[in-house]
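What follows is a set of notes on a single structure, which appears directly below.
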There are 2 protein chains.
Amino acid sequence: MADREKHPNTPRITKNARLVLDILRQVGQPLTAYEVLDRIRPQGITAPTTVYRALERLVECGLIHRLETLNAFVSCGREEVHGPSAIAICTDCHGVIEMQNDAVPGYLYGWAETKDFTVTSLTIEILGQCSQCRIKPEPNVDSE
Amino acid sequence: MADREKHPNTPRITKNARLVLDILRQVGQPLTAYEVLDRIRPQGITAPTTVYRALERLVECGLIHRLETLNAFVSCGREEVHGPSAIAICTDCHGVIEMQNDAVPGYLYGWAETKDFTVTSLTIEILGQCSQCRIKPEPNVDSE
DNA sequence: AATGTTATGTTATATTATATCATCATTTAA
DNA sequence: TTAAATGATGATATAATATAACATAACATT
């Protein structure tokens with residue numbers, strides 16, 4: 001409630017949004033909408049629409065990120081995110097590293113401005129391999 | 001052919017890739033795979049698979065970009081692209097502006113390195129409104 | 001010609017996302 | 001206190017995006 005007072009233009013966190021947020025926080029990794037749905041079924045949620053609505057709300061609240069390159073959603077590293085961030089995603093373990101530095105967004109906004117382009121959203125995603133997974137590569141099933 | 005000599009690890013441009021590339025170049029705007037399919041049907045192509053294969057090849061060749069935020073594909077502004085670029089996409093007219101500057105990718109690579117993260121791909125997309133569309137807004141259907 | 005390799009064709013299906021409309025809950029205002 | 005308005009949820013259907021799997025064709029090499 002304090003949240004709402006501080007950020008009155010932000011949608012409130014409804015019952016379903018709460019359920020979805022808890023799942024994403026508990027997992028700590030990106031999940032697709034349907035993966036969320038599978039985990040939320042025990043709570044009586046059966047329709048994709050329901051999950052998508054909750055996810056959309058949470059994105060608007062800045063509590064989760066949508067990862068365009070994975071078609072998935074992940075809870076923010078910090079409690080809440082303000083302004084755009086860059087996200088590195090390990091394609092092996094699906095771990096996520098967030099960068100909250102303003103430098104890159106700042107630069108991109110600046111560039112957009114020179115093109116007389118009005119920015120409404122910024123997506124910066126980096127796919128690759130985290131240090132853990134480089135050291136200890138995916139256990140290969142048929143490595144004879 | 002000179003191309004293949006210069007970039008031997010790049011897939012060659014096959015018949016279908018050629019067809020798709022020509023369409024994307026002619027249109028000059030992002031198209032979804034199925035929009036490409038519609039325009040390529042007259043050439044006897046009927047299956048999504050065929051289009052996706054061609055698109056994948058063209059992305060590998062660096063001749064087109066995949067736009068993650070639109071699930072669409074657009075031919076490169078330049079003949080061919082080397083290294084990652086930032087792309088601004090107008091949500092009104094779907095026009096695309098490419099930035100080929102190395103600064104941002106360089107910064108992001110640097111950041112990834114500090115996290116000991118090995119980058120395999122970089123996606124930078126900016127959604128918003130181009131100057132044209134800000135001046136002359138979308139003709140609103142029911143503006144009474 | 002036999003073989004291997006790459007590209008293409010064909011069918012089916014998986015995955016991701018939205019539209020639509022009905023119902024329920026909560027607030028607002030008469 | 002009810003009526004109206006608004007916002008959230010539920011339920012069903014379907015749209016839009018993408019891939020799997022396997023068959024055939026084209027082409028190069030031997």
Side-chain angles (χ1 to χ4, degrees), chain A residues 1 4-5 8-24 30-61 63-74 89 91 94 121 123 125 127, chain B residues 1 4 8-24 30-61 63-74 89 91 94 123 125 127:
Chain A
M1 51 169 175
R4 294 239 64 220
E5 283 160 27
N9 292 333
T10 268
R12 81 192 160 81
I13 297 174
T14 59
K15 181 175 130 273
N16 288 344
R18 180 87 254 160
L19 291 174
V20 169
L21 180 58
D22 287 346
I23 286 169
L24 285 176
L31 294 179
T32 67
Y34 281 80
E35 285 168 346
V36 171
L37 178 56
D38 285 341
R39 291 167 197 249
I40 214 182
R41 248 179 245 282
Q43 322 298 325
I45 304 296
T46 65
T49 309
T50 308
V51 173
Y52 279 102
R53 283 199 281 232
L55 290 168
E56 183 186 19
R57 181 175 292 264
L58 292 168
V59 169
E60 282 166 5
C61 292
L63 293 170
I64 67 173
H65 295 288
R66 181 190 160 97
L67 304 181
E68 297 289 348
T69 48
L70 296 186
N71 294 323
F73 301 82
V74 68
I89 306 156
T91 48
H94 291 147
S121 86
T123 301
E125 295 178 19
L127 296 184
Chain B
M1 53 169 176
R4 294 240 64 220
N9 292 335
T10 268
R12 81 190 160 81
I13 297 173
T14 60
K15 180 175 130 274
N16 288 345
R18 180 86 253 162
L19 291 173
V20 170
L21 180 58
D22 287 347
I23 286 168
L24 285 176
L31 294 179
T32 67
Y34 281 80
E35 286 169 345
V36 171
L37 178 56
D38 285 342
R39 290 166 196 250
I40 214 182
R41 248 180 245 283
Q43 324 297 325
I45 303 295
T46 64
T49 309
T50 306
V51 173
Y52 278 103
R53 284 200 280 233
L55 289 168
E56 183 185 18
R57 181 175 292 263
L58 292 168
V59 170
E60 282 166 6
C61 292
L63 293 169
I64 67 174
H65 295 289
R66 181 191 162 99
L67 304 181
E68 298 289 347
T69 48
L70 295 186
N71 293 324
F73 301 83
V74 67
I89 306 157
T91 48
H94 291 147
T123 300
E125 295 178 19
L127 295 183

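- When heavy atoms are screened at a 4.0 angstrom cut-off, B:T14 is found touching the sugar-phosphate backbone but no base atom.
- Counted by atom type alone, B:T69 and B:E125 present one or more donor-acceptor pairs between their side chains at under 3.5 Å.
- Closest contact between the side chain of A:N16 and the listed nucleotides D:dT17, D:dT9, D:dA8 involves D:dT9.
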Let me see the working for A:L24 and A:F73 under side-chain contact (heavy atoms from CB on, under 4.5 Å), right down to the final yes or no.
CA-CA 8 Å; A:L24 285 176; A:F73 301 82; 4.2 Å; yes

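- For A:N71, the side-chain hydrogen bond (donor to acceptor under 3.5 Å, both in side chains) partners at least two apart in sequence or on another chain are A:R66.
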Verdict with reasoning, A:I45 to A:V20, per side-chain contact (heavy atoms from CB on, under 4.5 Å):
CA-CA 10 Å; A:I45 304 296; A:V20 169; over 6 Å; no

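- Between the axis at the start and the axis at the end of the helix from C:dA1-D:dT30 to C:dA30-D:dT1 there is an angle of 20°, using five pairs per end and rounding to 10 degrees.
- Pairs of residues two or more places apart, or lying in two chains, that qualify as salt bridge (charged side-chain N to carboxylate O under 4.0 Å, His left out) and include a residue from residues 33-44 of chain A are A:D38-A:R41.
- How far CG of A:L19 is from OG1 of A:T50: 10.5 Å, rounded to the nearest 0.5 Å.
- Of the possible donor and acceptor atoms, none in the side chain of B:R57 sits under 3.5 Å from a partner among the backbone N and O of B:I13.
- Of all heavy-atom pairs between A:P30 and A:V74, the closest is N-CG2, 3.8 Å.
- Here the CG atom belonging to A:D22 is positioned 9.5 Å from the CD atom belonging to A:Q43, to the nearest 0.5 angstrom.
- Residues of residues 36-47 of chain B having a heavy atom closer than 4.0 Å to DNA chain C, listed by number: B:I45, B:A47.
- For D:dT17, the OP1/OP2 oxygens have no side-chain nitrogen or oxygen of B:R66 closer than 4.0 Å.
- To the nearest 0.5 angstrom, B:T49 atom OG1 is 9.5 Å from B:L37 atom CG.
- Atom C1' of nucleotide D:dT17 and atom CG of A:L70 are separated by 16 Å, given to the nearest angstrom.
- Summarising the geometry, atom CG belonging to A:L127 is positioned 6.0 Å from atom OG1 belonging to B:T123; distances are rounded to the nearest 0.5 Å.
- Donor-acceptor pairing under 3.5 Å, judged by distance alone, is absent between the side chain of B:T32 and the base of D:dA16.
- The two residues B:A17 and B:L58 have their closest heavy-atom pair at O-CD1, 3.5 Å.
- In the region residues 51-60 of chain B, proximity to DNA chain D at under 4.0 angstrom, judged on heavy atoms, holds for B:Y52.
- Between the CZ atom of A:R12 and the C1' atom of D:dA8 there is a distance of 7 Å, given to the nearest Å.
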Step by step, work out the side-chain contact (heavy atoms from CB on, under 4.5 Å) result for A:R18 and A:L21.
CA-CA 5 Å; A:R18 180 87 254 160; A:L21 180 58; 3.7 Å; yes

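- When DNA chain C is scanned 5' to 3' for any atom under 4.0 Å from a heavy atom of chain B, the first and last hits are C:dA7 to C:dT11.
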